[in-house]
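Input: a single structure, listed below in structure tokens.
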Amino acid sequence: MVALEQLRYVRLVASDLGHAADFAQRVLGLEPIDRTRELATFRSDFRDYTLAFAGGDHAVQSVGLEVRHSGDLDAALEGLRRLGLSAGRGSAEDCALRKVKDMISFADFSGNRIELVVRPLNSGWRYFPSRDAGIKGLAGVILRSIDVEKDVSIWSGVLGAQISDWAGDATYLRFDHAHHRIVLFPARKPGILCVEYAVEDVNLLMRNFYVLRDLQVAVLHGPGRRPASEQLFLTFAGPNDVLFSFVTEGALIDGERHRPRQFLAGPTGLCGWGSECKIAEFNDAANARSR
């Protein structure tokens with residue numbers, strides 16, 4: 001069994017790298033780090049970067065998670081292959097691009113690319129945001145899953161994550177004291193549905209709500225509170241049909257005592273305040289654009 005250390009980064013595909021970079025700075029308020037013709041990376045905390053937008057023919061979405069030792073990568077390779085999944089070691093070029101010592105990558109049963117990395121780079125400099133959004137760091141990722149049960153077998157059987165709760169068949173997964181770091185959301189196609197950044201408190205969440213309104217960014221759900229995690233959230237549209245959320249507060253999990261609970265599917269199970277949810281409409285429009 002592999003022990004995940006932390007969620008490290010999200011890599012997204014950008015059809016317009018300039019537009020995506022502008023979104024990361026002007027809307028999210030992240031600090032720009034590296035910029036080339038085909039890559040832009042952004043920092044949100046002590047990590048060298050937590051968000052990357054990539055362009056070009058070979059760009060792919062991926063989620064990066066840290067493990068402690070290269071031996072953990074070997075154990076993950078063995079476990080993944082037992083499940084019938086193809087996984088491979090990253091090249092020296094792959095590792096240099098991600099600023100890590102070693103890595104493997106694989107696609108889950110749905111087709112989502114997951115990367116496990118060793119010794120990712122931290123920054124010794126103070127985080128300096130592009131605007132005062134109050135971001136504390138990368139908090140979670142919601143993945144579209146074609147077969148949640150099969151994908152959960154990877155996270156729980158190989159990567160050591162635990163189920164915190166369900167909302168319908170959406171599955172919240174944790175590997176530290178946070179309620180979740182990964183959510184598997186039932187869908188007809190794979191992909192990163194939402195990237196979540198933690199902000200300092202409810203005041204910053206609401207301040208960002210009004211900033212998004214003034215920037216004419218489409219808010220698709222919230223402000224609200226999630227019944228399962230007790231997080232306050234605000235979800236809005238990002239580049240290339242990926243959603244972003246600002247989150248704050250939320251329950252911490254006692255792994256010895258917590259028992260996974262079942263919550264309702266749909267907007268009722270995702271917001272205890274009853275905020276209007278436009279995510280289904282957003283997804284329908286995105287599916288129409290991809291045809």
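As a basis for the values below, the full set of heavy atoms in this structure was taken, side chains included, without hydrogen atoms, waters or symmetry mates.
A 6.0 Å sphere centred on CZ of Phe185 holds no more than 12 heavy atoms belonging to other residues, nucleotides or ligands. Counted within 6.0 Å of CD on Glu149, heavy atoms from surrounding residues, nucleotides or ligands total 12 or fewer; the atom is thus considered open. Counting heavy-atom neighbours within 6.0 Å of Asn122 CG, excluding the residue itself, gives a total above 12. A 6.0 Å sphere centred on CZ of Arg131 holds more than 12 heavy atoms belonging to other residues, nucleotides or ligands.
Minimum heavy-atom separation, Ala54 to Ala59: O-CB, 3.6 Å. Considering every non-hydrogen atom in both Asp176 and Arg181, the closest pair reads OD2-NE, 2.9 Å. Here the closest non-hydrogen pair linking Leu30 and Tyr127 is CA-OH, 3.8 Å. Of all the heavy atoms in Arg81 and Ala87, the pair that sits closest is NH2-O, 3.1 Å. Taking every heavy atom of both residues into account, Leu243 and Leu220 meet most closely at CD2-CD1, 3.2 Å.
Checking Asp165 against His179 by side-chain atom types alone, a donor-acceptor pair falls below 3.5 Å.
At least one donor-acceptor pair closer than 3.5 Å links the side chain of Thr41 to the backbone N or O of Asp34. Side-chain atoms of Ser110 never come within 3.5 Å of backbone atoms of Asn112 as a donor-acceptor pair (strictly under, hydrogens ignored). No donor-acceptor distance shorter than 3.5 angstrom exists from the side chain of Arg119 to the backbone of Asp102, with no hydrogens or angles considered. For the pair Arg47 (side chain) and Leu7 (backbone), a donor-acceptor distance under 3.5 Å is present. Judged by distance alone, the side chain of Asp214 and the main-chain N or O of Val211 form no donor-acceptor pair under 3.5 Å. Although no hydrogens or angles enter the test, the distance criterion places a donor-acceptor pair under 3.5 Å between the side chain of Arg98 and the main chain of Asp94. Without hydrogens or angle criteria, Gln231 side chain to Arg226 main chain gives no donor-acceptor distance under 3.5 Å. With hydrogens and angles ignored, the 3.5 Å screen pairs a side-chain donor or acceptor of His258 with a backbone N or O of Ser164. Between the side chain of Arg11 and the backbone N or O of Val60, no donor-acceptor pair lies under 3.5 Å. Asn208 contributes a side-chain N or O that, together with a main-chain N or O of Leu204, makes up a donor-acceptor pair within less than 3.5 Å.
Residues Phe233 and Ile279 fall into different hydrophobic clusters, defined by Ile, Leu, Val, Met, Phe, Trp and Tyr side chains chained together at heavy-atom separations under 4.5 Å. At a threshold of 4.5 Å between side-chain heavy atoms, the hydrophobic network of Ile, Leu, Val, Met, Phe, Trp and Tyr places Tyr172 and Ile142 in one connected group. Linking Ile, Leu, Val, Met, Phe, Trp and Tyr whenever their side-chain heavy atoms come within less than 4.5 Å leaves Val117 and Ile114 in two separate clusters. At a threshold of 4.5 Å between side-chain heavy atoms, the hydrophobic network of Ile, Leu, Val, Met, Phe, Trp and Tyr places Leu28 and Phe46 in two separate groups. Tracing side-chain contacts under 4.5 Å through hydrophobic residues (I, L, V, M, F, W, Y), one never reaches Phe175 starting from Ile253; they form parts of separate clusters.
The closest side-chain heavy-atom distance from Tyr197 to Leu51 is below 4.5 Å.
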- Message: Is there a salt bridge (Lys or Arg N to Asp or Glu O under 4.0 Å) between Glu115 and Arg8? Walk through the geometry before answering.
- Response: CA-CA 10 Å; Glu115 299 176 350; Arg8 287 298 305 197; over 6 Å; no
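Annotation: Phe23 is not in aromatic contact with Phe53 [ring centroid separation under 6.0 Å not met]. If you look at Phe246 and Phe236, their ring centroids are closer than 6.0 Å.
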